[in-house]
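Data block below; observations after.
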Amino acid sequence: GHARQHSSVCAACDRQLLLVLTIVMSGAVLFASIDSVLPIHLEHVYQSTSLHTASVFFTISVFYGVGGPTFGSLADRTGRALHVSLGGLLSLAL
């Protein structure tokens, strides 16, 4: 009984860990894909300097670093479906 219950708890932890790692890796892949193209685009289209480009990437990093844990804990308290839906709508609006 106890070993079986412990096994199911560990399996749930493993799934949650896998989900978290998937989300983190998806964010890293997205950022890496932007990282390789955006500086060239900003330079050619907007004649931006290195300082402007660094400012854009710093802002993205700060929002990702602060927003992830903030909205993650909020989603844990209020439910993930609402936040995923709002995120999807916001993405469509942009």
Is Ile40 atom CD1 crowded by more than 12 heavy atoms from other residues, nucleotides or ligands, each under 6.0 Å away? no
Hydrophobic cluster membership, Phe57 vs Val45, 4.5 Å side-chain cutoff: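 Yes, Phe57 and Val45 fall within the same hydrophobic cluster.
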Determine, using the 4.5 Å side-chain heavy-atom cutoff (strictly less than), whether Val56 and Leu30 are members of one ILVMFWY cluster.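 Yes; tracing contacts between hydrophobic side chains, which count when under 4.5 Å, links both residues.
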Restricting to non-hydrogen atoms, name the atom on Pro69 and the atom on Tyr64 that form the minimum distance, rounded to 0.1 Å.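 Here Pro69 and Tyr64 meet closest at CD-O, 4.3 Å.
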Minimum heavy-atom separation for Gln47 and His44, please, with both atom names.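 Distance-wise, the nearest heavy atoms are NE2-O, 3.3 Å.
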When rounded to the nearest 0.5 angstrom, what is the spacing between OG1 in Thr53 and OH in Tyr46? 12.0 Å
Between Thr49 and His52, is the side-chain hydrogen bond (donor to acceptor under 3.5 Å, both in side chains) condition met? List the steps. CA-CA 5 Å; Thr49 64; His52 291 130; 3.1 Å; yes
Only one of Thr59, Val66, Ile60 forms a side-chain contact (heavy atoms from CB on, under 4.5 Å) with Val62, so which one is it? Val66
